[in-house]
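Handing you a structure now.
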Amino acid sequence: MIVTYPFSAVVGLDDLKLALVLNAVSPRAGGVLVRGEKGTAKSTIVRALAAQLPAVSVVPGCRFACDPAAPDAGCPDGPHEPGSQGLERPAALVELPVGASEDRLVGSLDVERALTEGVKAFEPGLLAAAHRGVLYVDEVNLLHDHLVDLLLDAAALGTCYVERESVSVRHAARFLLVGTMNPEEGELRPQLLDRFGLTVEVKASRNPAERAEVVRRRLAFDADPGAFAARWAAEEAALASRIARARTRVPGVRLPDARLRQIATVCAAFEVDGLRADLVTASTAIAHAAWQGRDVVTTEDVRAAARLSLPHRRRRDPFDAPGLDEALLEELLARTSGDEEDPDDPDGGGPDISGPGGPEGSPTSAGDGPPPPGDSEGGPEGDGPGSGGPQDGPQDGPQGGLEGGGSGPDRGRRHDGAFDGRYPSAIDDAAQAAGSGEPLPGVEGTATSATGKDAERGGGPGRDVAGVAAPYRVPLLEVPGVGEGAAGRRSRSRTPHGRATGSRRPAGRVRDLHVTATVLAAAPHQLRRGRRGPGLVLREDDLREVVREGREGNLVLFVVDASGSMAARRRMTAVKTAVLSLLLDAYQRRDKVGLVTFRGRGAAVALPPTSSVEAGAARLRSLPTGGRTPLAAGLARAADVLRVERLRDPARRPLLVLVTDGRATAGGDVDRAAALLAGTAAVVVDCESGPVRLGLAVRLAARLRARLVSLDSLADLGSVVRDHRKAV
């Protein structure tokens with residue numbers, strides 16, 4: 001028997017614990033997206049929660065986990081008689097791997113049996129297995145877009161629809177959706193982020209005592225999982241009991257009009273798109289009130305719900321990191337909390353940082369029997385500083401207990417009025433002025449001196465960092481030919497989704513039957529096989545599957561000339577803006593990106609190939625300029641990066657984007673370096689300007705057999721798009 005690490009034994013992570021518990025109390029909260037760096041117990045705590053969910057009663061033999069008290073009328077295994085004897089089993093924890101297929105997720109028709117036996121046999125997928133349980137998606141940001149769409153649609157509707165091969169199947173699919181991701185590996189699209197009800201940012205503690213406690217408990221669990229779990233059995237039982245009680249209390253919780261207006265005011269002030277944020281915040285506030293033992297939603301419930309439901313809906317740009325302005329939230333709550341006195345909140349909805357126990361007591365006090373052994377300061381279950389265990393009493397400040405304060409990147413920022421819509425991350429604040437005729441702060445001239453963070457990254461005297469303006473739309477740059485790489489939106493590729501272009505013999509099980517090709521393959525053999533009736537006599541080697549063509553994502557490797565010749569004539573700001581625009585295009589087309597720069601004496605890999613386009617934008621902003629132009633070194637370094645990446649990800653085709661004016665003033669044979677990139681699809685962005693042009697970039701593009709695009713043409717297209725948007 002596999003022993004799961006106890007939920008109550010996880011140190012810290014108060015916001016994450018609260019978000020998971022609220023979803024366990026009320027699935028209407030909409031699931032949880034857990035963002036955080038690697039090694040922060042994201043997977044551990046999700047698996048631990050599933051063990052605390054109440055057991056479910058299912059109809060015996062039903063593959064779709066129907067409730068015997070209220071069976072699904074459209075269940076494919078039905079009909080079931082209401083009120084029949086049920087079978088108790090633990091709530092399911094289903095994990096969706098990143099490489100799963102669509103058939104594995106939603107279910108599939110057994111095509112072989114359908115054609116050879118005439119039986120419409122449906123095989124349920126993971127959505128059916130997760131019904132009334134937990135569906136856990138690790139690295140959800142790496143999941144293919146079409147799978148994420150199917151997953152979130154089912155989570156929102158509570159129903160899975162399968163329409164294929166003339167078979168229509170519908171079954172209930174209500175589950176607690178939990179996704180984890182590492183932002184360094186790339187962000188989810190904003191519209192997909194919005195489909196997750198709550199989000200939590202987790203980071204490893206910097207407190208040595210707390211880190212030591214984490215290691216101490218983990219070592220104790222690894223040494224003897226059964227004994228460790230037994231020491232926390234009382235806390236786990238109390239937590240499970242409290243979740244069950246809160247679930248029964250949810251239908252009776254009242255949301256006063258004053259609190260509803262408060263929720264609407266907060267969501268409107270934060271300028272979230274649509275009304276999903278209002279609905280999720282209201283549902284989460286109701287769940288929080290039930291968790292705290294209240295029958296009426298208070299301002300504190302709204303505060304806790306907003307901190308979890310709004311951060312990921314504040315993104316105004318793909319390069320923005322989720323976050324919430326805590327000062328503005330407190331100002332809005334204070335401004336609206338006096339609309340109506342809450343009958344169960346005589347203190348006016350003040351903070352109730354009471355940890356998991358709340359008004360009904362902590363899990364430790366709720367459990368029967370003595371506390372776990374070894375309860376001493378600094379021990380595995382101790383209540384010393386930073387232990388974060390269930391024995392911890394009430395704490396001051398917003399981080400205490402399960403209530404937890406916000407932990408987004410905007411935590412603690414002061415706000416001096418209504419939100420002004422500025423870009424907080426990869427794009428400079430100056431981007432707001434782009435296209436409006438206003439001067440860009442700090443961008444006048446060719447560059448501004450590096451100070452502050454730029455100086456910490458190696459800046460200082462002699463290092464210049466140019467500003468960046470607002471990005472614009474760029475033309476499609478694609479790799480010639482047809483690939484077979486990861487699904488995306490850039491180059492032509494053979495993918496499981498797209499238009500049908502032909503048929504082929506299946507390598508394994510048929511996933512997408514080509515009916516016409518199958519019939520044509522079987523037709524010539526019917527007399528020899530002794531056909532007598534109206535149906536075809538099929539054999540396994542007659543089966544054909546569809547060959548489809550769609551789009552793939554590529555590795556876009558930017559090689560940027562940051563030498564002194566680029567800084568001349570005030571070009572570097574335009575160059576950075578163009579590269580940022582190309583990065584934004586790569587984000588939208590689901591590419592991996594890398595960044596190589598060359599200046600001075602050599603070239604450097606500023607960003608190894610990664611799915612995090614945001615990291616590329618951040619490195620670009622701090623890119624210094626100046627010095628000589630070692631063009632050959634830049635090409636050679638790019639060839640090294642591509643060679644290594646081909647070994648790591650051979651199916652992903654590369655696209656080299658070289659941004660330069662073509663000058664080469666440092667040592668190295670450019671022709672020899674260009675030969676290293678033979679066969680690589682490339683685009684040369686010519687940055688040369690002025691009335692007299694040498695045409696060096698044109699010659700370089702000919703050597704590389706690359707497409708030539710001028711920097712001016714990119715900017716001109718961007719201005720056309722901007723003018724069109726203004727006219728609309």
*If only atom types and distance count, is the side chain of N554 paired as donor or acceptor with the main-chain N or O of P654 below 3.5 Å?*
no
_Whether R132 side chain and A65 backbone form a donor-acceptor pair below 3.5 Å_ = yes
_Quick one: does any side-chain atom of T501 pair with a main-chain N or O of V547 as donor and acceptor, under 3.5 Å?_
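Yes.
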*Mark yes or no for whether D585, through its side chain, and V474, through its backbone, hold a donor-acceptor pair below 3.5 Å.*
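Side chain of D585 to backbone of V474: no pair is present.
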*For the residue pair T518 and D542, confirm or rule out a side-chain donor-acceptor distance under 3.5 Å.*
no
*asked:* Any heavy-atom pair between the side chains of P79 and P71 that's under 4.5 Å?
replied: no
*Between CG on residue L584 and CZ on residue R589, distance to nearest 0.5 Å*: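 Separation between the atoms: 10.0 Å.
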*Distance-only, no hydrogens or angles: does the R551 side chain make a donor-acceptor pair with backbone N or O of R490 under 3.5 Å?*
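Checking the backbone N and O of R490 against the side chain of R551, a donor-acceptor pair under 3.5 Å is found.
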*Is there a side-chain contact between L49 and L176, using heavy atoms and a 4.5 Å cut-off?*
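They are in contact (side-chain heavy atoms under 4.5 Å apart), so the answer is yes.
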_Can a donor-acceptor pair be found, under 3.5 Å and without considering hydrogens, that links the side chain of D67 to the backbone of A69?_
yes
*Are side-chain heavy atoms of L33 and T180 found at a separation under 4.5 Å?*
no
*asked:* Going by the rule side chain to side chain contact (heavy atoms under 4.5 Å, CB included), which residues pair with R652 if we only count those two or more places apart in sequence or in a different chain?
replied: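 Counting only residues at least two positions away or on another chain, R652 forms a side chain to side chain contact (heavy atoms under 4.5 Å, CB included) with A486, L555, K592, D649.
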*Just by distance, do the side chain of R313 and the backbone of S309 share a donor-acceptor pair under 3.5 Å?*
yes
Donor-acceptor pairs under 3.5 angstrom involving side-chain atoms of residues 672-686: please list them, not counting sequence neighbours.
from : atom 1 : to   : atom 2 : distance (Å)
T680 : OG1    : R646 : NH2    : 3.1
T680 : OG1    : L677 : O      : 3.4
D686 : OD1    : E688 : N      : 3.0

*V32 versus F196: any side-chain heavy-atom pair under 4.5 Å?*
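When only atoms from C-beta onward are counted, F196 and V32 do not touch, as no gap falls below 4.5 Å.
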*Report yes if the side chains of V657 and V559 come closer than 4.5 Å at any heavy-atom pair, otherwise no.*
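A side-chain contact under 4.5 Å is absent here.
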_For R63, is the CZ atom crowded, meaning more than 12 foreign heavy atoms sit under 6.0 Å from it?_
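Yes, the 6.0 Å shell around CZ holds more than 12 heavy atoms from other groups.
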_Does R489 form a salt bridge (Lys or Arg N to Asp or Glu O under 4.0 Å) with D591? I'd like the steps, not just the answer._
CA-CA 8 Å; R489 298 181 179 179; D591 296 315; over 6 Å; no
_Of E549, E484, E478, E552, the residue whose pairing with R492 passes salt bridge (charged side-chain N to carboxylate O under 4.0 Å, His left out)_ =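 When E549, E484, E478, E552 are each tested with R492, the salt bridge (charged side-chain N to carboxylate O under 4.0 Å, His left out) holds only for E549.
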*Side chains of L704 and L658: closer than 4.5 Å at any heavy-atom pair?*
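With C-beta onward as the side chain, the pair touches.
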*Is there a side-chain contact between R35 and M181, using heavy atoms and a 4.5 Å cut-off?*
yes
*Closest heavy-atom contact between E95 and L126?*
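Heavy atoms only, the tightest pair is O-CD1, 4.0 Å.
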*Evaluate the side-chain proximity of L96 to Y136: yes if any heavy-atom separation is below 4.5 Å, no if none is.*
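Not in contact.
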*Measure the CZ-CG distance between R707 and L655 for me, rounded to the nearest 0.5 Å.*
9.5 Å
